[in-house]
Amino acid sequence: MPLQLQQYVTESRNQASIDIDIVSTETMLTIINNEDKKVALAVESILPDIAEAVDLIHSAFSQGGRLIYCGAGTSGRLGILDASECPPTFGSPAEQVIGLIAGGQPAILKAVENAEDNQQAGQQDLVDIRLTCKDILVGIAASGRTPYVIGAMQYAQQQGCKVVSLTCNQNSKMSEVADVALEVIVGAEVVTGSSRLKAGTAQKMVLNMLSTGAMIKSGKVFGNLMVDVQATNAKLIERQKKIIMEATECSRETAELALTESGNHCKTAIVMILTGVNAQQAQDSLQQHQGFIRKCI
């Protein structure tokens with residue numbers, strides 16, 4: 001049976017952009033911008049569902065499990081982007097958040113023909129990373145029908161994992177499979193079927209919420225400061241000092257001294273200054289309280 005694209009709202013034709021190819025450049029961009037404004041409202045409408053997914057991810061982290069994103073094309077690349085940014089932002093282990101894409105590494109930079117239609121490959125990619133029941137899988141696809149993602153989701157459920165779907169169509173096959181279905185309905189794209197546009201923006205916003213929310217609940221943020229940031233360059237070393245100063249209201253000199261004594265561990269330095277203990281005592285306290293600064297002080 002041929003695939004009926006007309007049943008998907010992401011494949012429908014947008015009446016607001018019918019003449020986008022003949023209007024002025026500024027009018028063209030106004031049309032795009034007006035459509036983009038709808039994305040945040042679509043995300044807002046499913047915040048309770050996103051909250052449920054965040055709590056499931058945090059629960060997986062608490063048990064030593066991993067967050068695994070799985071997608072094809074734009075959706076897969078967005079998952080990889082979010083996964084790759086967690087370690088430098090939150091000091092999380094590289095293996096804690098993983099992004100999988102149909103077609104593997106080559107597909108990150110260039111489309112791999114027919115990769116998204118291989119349902120077995122979705123399962124195999126999870127086998128290759130040794131999926132366990134402690135992990136949680138987030139399947140990402142604007143259409144909600146990508147075979148590669150569905151194969152991964154079904155296998156994950158068979159292994160006892162919680163499964164979340166992130167789509168931009170209602171009542172999709174992926175939503176049926178998921179424990180929590182995130183359906184961000186952004187409507188027709190300004191360029192028909194180009195789900196790298198509004199759908200991609202919506203997916204990026206939700207992925208930001210999923211990883212950031214779970215990391216906040218895991219003690220990776222103090223106030224709104226990313227206190228587990230990894231200082232891998234001069235800019236980030238300076239950011240560490242600024243974070244310590246803002247968190248403790250101390251002088252720059254005090255921040256620099258504590259940072260040095262802590263082995264350039266921002267969170268340890270903050271606990272040292274706020275509680276008056278040495279680096280080892282601060283580290284012990286953080287370990288005892290699962291990395292939550294507020295519990296240490």
Side-chain angles (χ1 to χ4, degrees), residues 40 43 47 50-51 53-69 77-99 136 138 201 203-275 277 279 281-297:
V43 172
L47 284 178
I50 299 174
V54 168
D55 286 339
L56 286 178
I57 295 168
H58 173 239
S59 177
F61 285 170
S62 299
Q63 299 173 61
R66 300 167 295 176
L67 166 59
I68 300 164
Y69 293 132
R77 295 182 191 104
L78 288 170
I80 289 170
L81 173 63
D82 196 71
S84 67
E85 290 179 342
C86 286
T89 305
F90 300 111
S92 56
E95 65 275 10
Q96 187 175 27
V97 185
I98 298 173
I136 182 168
V138 177
T201 300
Q203 290 172 341
K204 179 67 169 72
M205 291 178 71
V206 174
L207 294 175
N208 283 348
M209 289 181 172
L210 294 180
S211 58
T212 303
M215 291 296 178
I216 291 172
K217 291 177 72 69
S218 299
K220 297 292 186 178
V221 174
F222 178 53
N224 61 355
L225 302 172
M226 51 176 162
V227 289
D228 266 323
V229 62
Q230 291 182 350
T232 54
N233 57 45
K235 179 191 74 174
L236 294 177
I237 291 172
E238 190 60 31
R239 181 175 292 167
Q240 277 191 326
K241 296 174 184 177
K242 184 172 182 289
I243 287 171
I244 294 168
M245 292 166 63
E246 290 182 346
T248 66
E249 299 183 350
C250 72
S251 67
R252 181 180 180 84
E253 291 72 24
T254 299
E256 289 177 338
L257 178 61
L259 194 58
T260 299
E261 291 180 352
S262 68
N264 293 322
H265 190 255
C266 187
K267 189 181 280 186
T268 299
I270 291 170
V271 173
M272 289 169 62
I273 295 169
L274 290 179
T275 63
V277 300
Q281 290 170 320
Q283 290 169 5
D284 292 343
S285 181
L286 282 166
Q287 185 173 7
Q288 179 184 350
H289 295 100
Q290 295 79 47
F292 285 85
I293 291 178
R294 292 192 189 275
K295 293 181 181 179
C296 294
I297 60 177

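Given the structure is predicted, the values throughout are model-derived calculations rather than measurements.
Distance CG/Leu67 to NE2/His58: 13.0 Å, rounded to 0.5 Å. The OG atom of Ser218 lies 11.0 Å from the CD atom of Gln290; values are rounded to the nearest 0.5 Å. Interatomic distance, Ile216 CD1 to Ser211 OG, rounded to the nearest 0.5 Å: 9.5 Å. A distance of 7.0 Å separates SG in Cys266 from CD1 in Ile293, rounded to the nearest 0.5 Å. For the atom pair CG of Asn233 and CZ of Arg239, the computed distance is 8.5 Å after rounding to the nearest 0.5 Å. Interatomic distance, CD1 of Ile244 versus OG of Ser262, reported as 6.0 Å (0.5 Å rounding).
Looking at Thr268 and Met272, their side chains come closer than 4.5 Å, going by heavy atoms from C-beta outward. Contact check for His289 versus Val271: no side-chain heavy atoms found under the 4.5 Å cut-off. No side-chain heavy atom of Gln240 sits under 4.5 Å from any side-chain heavy atom of Val227. Side-chain contact between Met215 and Met226: absent, with no pair of heavy atoms (C-beta onward) separated by less than 4.5 Å. Contact annotation: the side chain of Phe222 never approaches that of Cys296 to less than 4.5 Å [non-hydrogen atoms, C-beta and beyond]. A 4.5 Å side-chain heavy-atom check between Ser59 and Asp55 finds every atom pair outside the cut-off. By the 4.5 Å heavy-atom criterion applied to side chains, Leu236 and Val229 are counted as neighbours. Annotation: side chain of Lys217 is not in contact with side chain of Ile57 (no heavy-atom distance under 4.5 Å).
For the 3.5 Å distance criterion, the side chains of Glu256 and Thr260 fail to qualify, holding no donor opposite an acceptor.
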Q | Residue pair Leu257, Thr254: steps toward the side chain to side chain contact (heavy atoms under 4.5 Å, CB included) verdict | A | CA-CA 5 Å; Leu257 178 61; Thr254 299; 5.9 Å; no
Q: Using the side chain to side chain contact (heavy atoms under 4.5 Å, CB included) rule, take Phe90 and Thr212 through it: C-alpha gap first, then chi angles, then the decisive distance, then the call.
A: CA-CA 9 Å; Phe90 300 111; Thr212 303; 4.1 Å; yes
Q: Decide yes or no on side chain to side chain contact (heavy atoms under 4.5 Å, CB included) for His265 and Asp228, but give the supporting numbers first.
A: CA-CA 8 Å; His265 190 255; Asp228 266 323; 3.9 Å; yes
Q) Does the side chain to side chain contact (heavy atoms under 4.5 Å, CB included) test come out yes or no for Ile270 and Ile297, once each step is laid out? A) CA-CA 10 Å; Ile270 291 170; Ile297 60 177; over 6 Å; no
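Residues Asn208 and Lys204 come closest through the heavy atom pair OD1-NZ, 2.7 Å. Considering all non-hydrogen atoms of both residues, Tyr69 and Ala83 come closest at CE1-N, 4.2 Å. Annotation for Val97 and Cys86: closest pair CG2-SG, 4.0 Å, computed over non-hydrogen atoms. The heavy-atom pair separating Ala255 from Met245 by the smallest distance is CB-CG, 3.7 Å. Looking at every heavy atom in both residues, Pro87 comes nearest to Ala94 through CG-CA, 3.9 Å. Minimum heavy-atom separation, Gly223 to Val221: O-CG1, 3.1 Å.
Not a single donor-acceptor pair under 3.5 Å links the side chain of Ser285 to the backbone N or O of Gln281.
Look at Glu238 and Arg252 and you find a salt bridge, because one of the NZ, NE, NH1 or NH2 atoms lies within 4.0 Å of a carboxylate O, short of that distance.
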